[in-house]
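Contents: one structure, followed by commentary.
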Amino acid sequence: MSGRMFVLADADSFYASCERVFHPELARRPLVVLSNNDGCVVSRSREAKLLGISNGLPWFKIRGQAEHDGVIARSSNYELYASLSRRMMRLMAATLPGQEIYSIDECFLRGFQDPQRTRMACTRMRETVLQGIGIPLTIATAPTRTLAKIVSHYIKHQGGGIGDWDLLRSQEPDVLDRIDVSEVWGVGRRLTRKLQGMSITTAGDLARADPSRIRHLFSVLLERTVLELQGIPSIELDDFDAIDGTRKQQLMCSRMFGQPITGLPDLSAAVGTYAQQASIRLRKQGSLAGMVTVFIATSPFNQDYQSRSGSIILTDPADDPLTIARAAVGTLPRMIDPHARYVRAGVMLGALTDAASYTTFDGMDAKRDNGLGTILDQANRKFGLQSVGIGWAGMKGKGRARQETGATWNMKRQHLSNRSTTRWDELCIVKA
DNA sequence: TCTGGGGTCCTAGGACCC
DNA sequence: TCTGGGGTCCTAGGACCC
């Protein structure tokens, strides 16, 4: 074995596992985590999977049966997950070199030349994260990222743990032929259908395909996937700085509403709030936005579905909340259908540039935050998101949702757990 | 009644120029 | 005004990921 060895570490049922960290009584119970608005299932514990609950199912459709089966539901709590993710990533980076964070719950690392040494490091890493944080990992090693994904997928089916491509292949030479092509990293629904039409139905079929022919019929992306299945590293990840979530090209804040809204005033309030949220993240990563795009949409499950978007180019790139919110709200009058029932809106900031190095030719400066944004950022850090804001963004709700705004369109989160690691008023209480 | 939120990359095709 | 080809740049949309 020569060349690089990729290590893929990802958490088992990450969101569900996070919920258990501060609620040990949830261990071994069937548990699901729901998307915003308590819409769909986005994470299930192993026990919930065994009950036949799949990801993406609308909660309102399965709720009756699930509750009958003793399933516990939690609203998603991304503050908690992001915080646990950061700790988990730091522990892993201290064990193996070359960490590339790929998503909130998984990262690639580089293995050592000596496979035995790599294996020991993986074992140690898994124990450290389990004991230090309480999150179980699945760890796979392989000569390419795509094969590491295959191994990970395979051993998760066996209940998780640690696996290696060479070992697996020596035990089961035909393992790729027993994996559906749709399970391959980079092959989605559409490609699966097209490939099936060409009698490529398993990962093994795809691995045996001619890369240049695949490139012709599909794209360079799928060609790289074929090469990777053959053991030739061909996919590089962007060297984006994911540990603090920095985005190089665009940044978006969008939400489904708790209930449909109609008319300019409510829509403006929602879009203004999302614009502010987006500008907070923009300042946090030290960028300026050159373009603001807003989209609004009615329900795609209704017959009169409509979706519109509009953009504004900022003549001077900006990071201050007023400029961005004003630009965003300003797109609405020409887009809005006054009778439509909107269920979703979003604000995208594009044409991002680095605030520190930005200069214009004529000596004009960018629309920098004049201090208001920084004050808002500080207040929000201290008192919690949406404590303070411009316009509607500062309106608080009551009771359990007191951190959210009081507007009717604010999302539903009826099964929210405490944000124990990021909110002082939601600290875990230990009775001794 | 009730169906997530964020990203990335590639390609086709139009606009424009010579 | 018409005719033709080829190059570049940009954007919208499609496809994928978690």
Side-chain angles (χ1 to χ4, degrees), chain A residues 8 10-11 13-15 32-43 54-64 73-79 81-82 85 100-108 145-146 149 152-153 181-195 215-225 235-242 245-260 274 277-278 281 285 291 293 295 297-302 305 307-311 313 341 343-352 411-415:
Chain A
L8 169 64
D10 74 317
S13 310
F14 182 58
Y15 296 166
V32 298
V33 176
L34 306 177
S35 63
N36 281 336
N37 279 319
D38 297 340
C40 301
V41 174
V42 289
S43 179
S54 358
N55 259 341
L57 290 179
W59 177 238
F60 78 89
K61 279 192 182 168
I62 61 165
R63 180 175 185 166
R74 288 273 186 260
S75 304
S76 44
N77 185 345
Y78 293 106
E79 277 182 70
Y81 310 151
S85 171
E100 298 166 307
I101 297 174
Y102 181 64
S103 72
I104 193 167
D105 76 327
E106 69 188 296
C107 68
F108 289 100
R145 299 178 209 276
T146 304
K149 281 281 195 181
S152 176
H153 179 79
V181 73
S182 63
E183 309 286 358
V184 175
W185 191 41
V187 178
R189 270 229 319 279
R190 306 294 283 265
L191 283 178
T192 298
R193 240 190 297 149
K194 251 182 107 171
L195 287 167
R215 178 190 195 139
H216 255 85
L217 293 172
F218 296 89
S219 70
V220 292
L221 296 175
L222 196 58
E223 179 194 29
R224 288 179 198 151
T225 297
I235 296 177
E236 291 302 328
L237 291 187
D238 252 23
D239 56 345
F240 71 111
D241 186 1
T246 299
R247 300 296 164 200
K248 288 193 301 196
Q249 301 188 4
Q250 60 175 232
L251 176 159
M252 171 159 60
C253 177
S254 93
R255 295 275 180 285
M256 302 274 305
F257 304 135
Q259 49 183 276
Y274 302 161
Q277 288 295 325
R281 287 169 53 200
Q285 68 173 50
M291 186 169 73
T293 302
F295 66 88
T298 62
S299 170
F301 301 100
N302 286 351
Y305 170 66
S307 160
R308 298 226 178 116
S309 72
S311 299
I313 308 264
R341 292 157 48 83
V343 302
R344 175 194 183 90
V347 175
M348 262 164 66
L349 304 181
L352 302 190
M411 65 187 179
K412 280 185 295 200
R413 297 208 279 183
Q414 294 181 343
H415 313 279

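A quick note: this is a predicted structure, and the numbers were derived from the prediction, not measured. By convention in this document, chain letters (A, B, ...) are assigned in the order of the sequence lines, proteins followed by strands, and residues within each chain are numbered from 1.
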Exercise. Which part of the nucleic acid does A:Asn37 contact within heavy-atom distance under 4.0 Å: base, sugar-phosphate only, or nothing?
Worked result: nothing
For this session: Verify, without hydrogens or angle tests, whether A:Arg344 (side chain) and A:Ser299 (backbone) share a donor-acceptor contact under 3.5 angstrom.
Result: no
Seminar exercise, completed: Between A:Leu251 and A:Pro58, whichever has its closest DNA chain B nucleotide further toward 5' is A:Pro58
Problem set entry | Rounded distance (Å) that lies between atom C1' of C:dA12 and atom CE of A:Met291 | 12 Å
Problem set entry | Donor-acceptor contact below 3.5 Å, side chain A:Ser75 vs main chain A:His415 | yes
Exercise. So, A:Ser85 side chain and A:Ile104 main chain: donor-acceptor pair closer than 3.5 Å or not?
Worked result: yes
Exercise. Taking the side chain of A:Arg190 as its heavy atoms from C-beta onward, which of C:dC16, B:dG4, C:dC17 lies nearest to it?
Worked result: C:dC16
For this session: Check every atom of B:dT3, C:dC16, C:dC17 against the side chain of A:Trp185 and return the nucleotide holding the closest atom.
Result: C:dC17
For this session: State which of B:dT8, C:dC18, B:dT3 makes the closest approach to the side chain of A:Glu106.
Result: C:dC18
Problem set entry | Candidate nucleotides B:dC9, C:dC18, B:dG5, ranked by approach to the side chain of A:Leu221 - the nearest | B:dC9
Exercise. Between the main-chain N or O of A:Gly310 and the side-chain N or O of A:Thr293, is there a donor-acceptor pair closer than 3.5 Å?
Worked result: no
Seminar exercise, completed: Atom CD of A:Gln414 and atom P of B:dC2 are separated, to the nearest Å, by 14 Å
For this session: Give one of base, sugar-phosphate or nothing for A:Val184, where a contact means two heavy atoms less than 4.0 Å apart.
Result: sugar-phosphate
For this session: Would you indicate what A:Ile104 reaches in the nucleic acid, counting non-hydrogen atoms under 4.0 angstrom: base, sugar-phosphate, or nothing?
Result: nothing
Exercise. Do the side chain of A:Ser219 and the main chain of A:Leu221 share a donor and acceptor less than 3.5 angstrom apart?
Worked result: yes
Exercise. If you check the A:Met252 side chain, which of B:dG6, B:dC10, B:dG5 turns out closest?
Worked result: B:dG6
Problem set entry | Interatomic distance where CG belongs to A:Asp105 and C1' belongs to B:dG6 [whole Å] | 14 Å
Problem set entry | Protein-nucleotide distance (A:Leu8, atom CG; C:dC17, atom P), rounded to Å | 14 Å
For this session: Could you tell me whether A:Arg224 contacts a base, only the sugar-phosphate backbone, or nothing, with contacts defined as non-hydrogen atoms closer than 4.0 Å?
Result: sugar-phosphate
Exercise. Does A:Arg344 put a side-chain nitrogen or oxygen below 4.0 Å from OP1 or OP2 of B:dG5?
Worked result: yes
For this session: Measure the distance from NE2 on A:His216 to P on B:dC10 and round it to the nearest whole Å.
Result: 18 Å
For this session: Could you check A:Phe218 against A:Lys61 and say which one's nearest nucleotide on DNA chain B is further toward the 5' end?
Result: A:Lys61
Problem set entry | Short side-chain N/O contact from A:Gln249 to OP1 or OP2 of B:dC9, under 4.0 Å | yes
Problem set entry | A:Ser254, nearest nucleotide to its side chain (from C:dA15, B:dT3, B:dG6) | B:dG6
For this session: Find the runs of at least 3 consecutive base pairs, i with j, i+1 with j-1 and so on, that include DNA chain C, using Watson-Crick or G-U wobble geometry with both distances under 3.5 Å.
Result: B:5-18 with C:5-18
Problem set entry | Selection from C:dA15, B:dC10, B:dG5 that lies nearest to any side-chain heavy atom of A:Val220 | B:dC10
Exercise. Could you state the CE-P distance from A:Met348 to C:dA12, rounded to the nearest angstrom?
Worked result: 10 Å
Exercise. Base, sugar-phosphate alone, or nothing: which one does A:Arg189 contact when heavy atoms must sit under 4.0 Å apart?
Worked result: sugar-phosphate
Exercise. Roughly, in whole Å, what's the span from CG in A:Leu222 to C1' in C:dG14?
Worked result: 15 Å
Problem set entry | Sugar-phosphate only, base, or nothing, as touched by A:Lys149 at under 4.0 Å among non-hydrogen atoms | sugar-phosphate
For this session: Can you tell me the distance, in whole Å, between the CD atom of A:Gln285 and the P atom of B:dG6?
Result: 14 Å
For this session: Indicate the ring-plane relationship of A:Trp185 and A:Phe108, choosing parallel, tilted or perpendicular according to the 30° and 60° boundaries.
Result: tilted
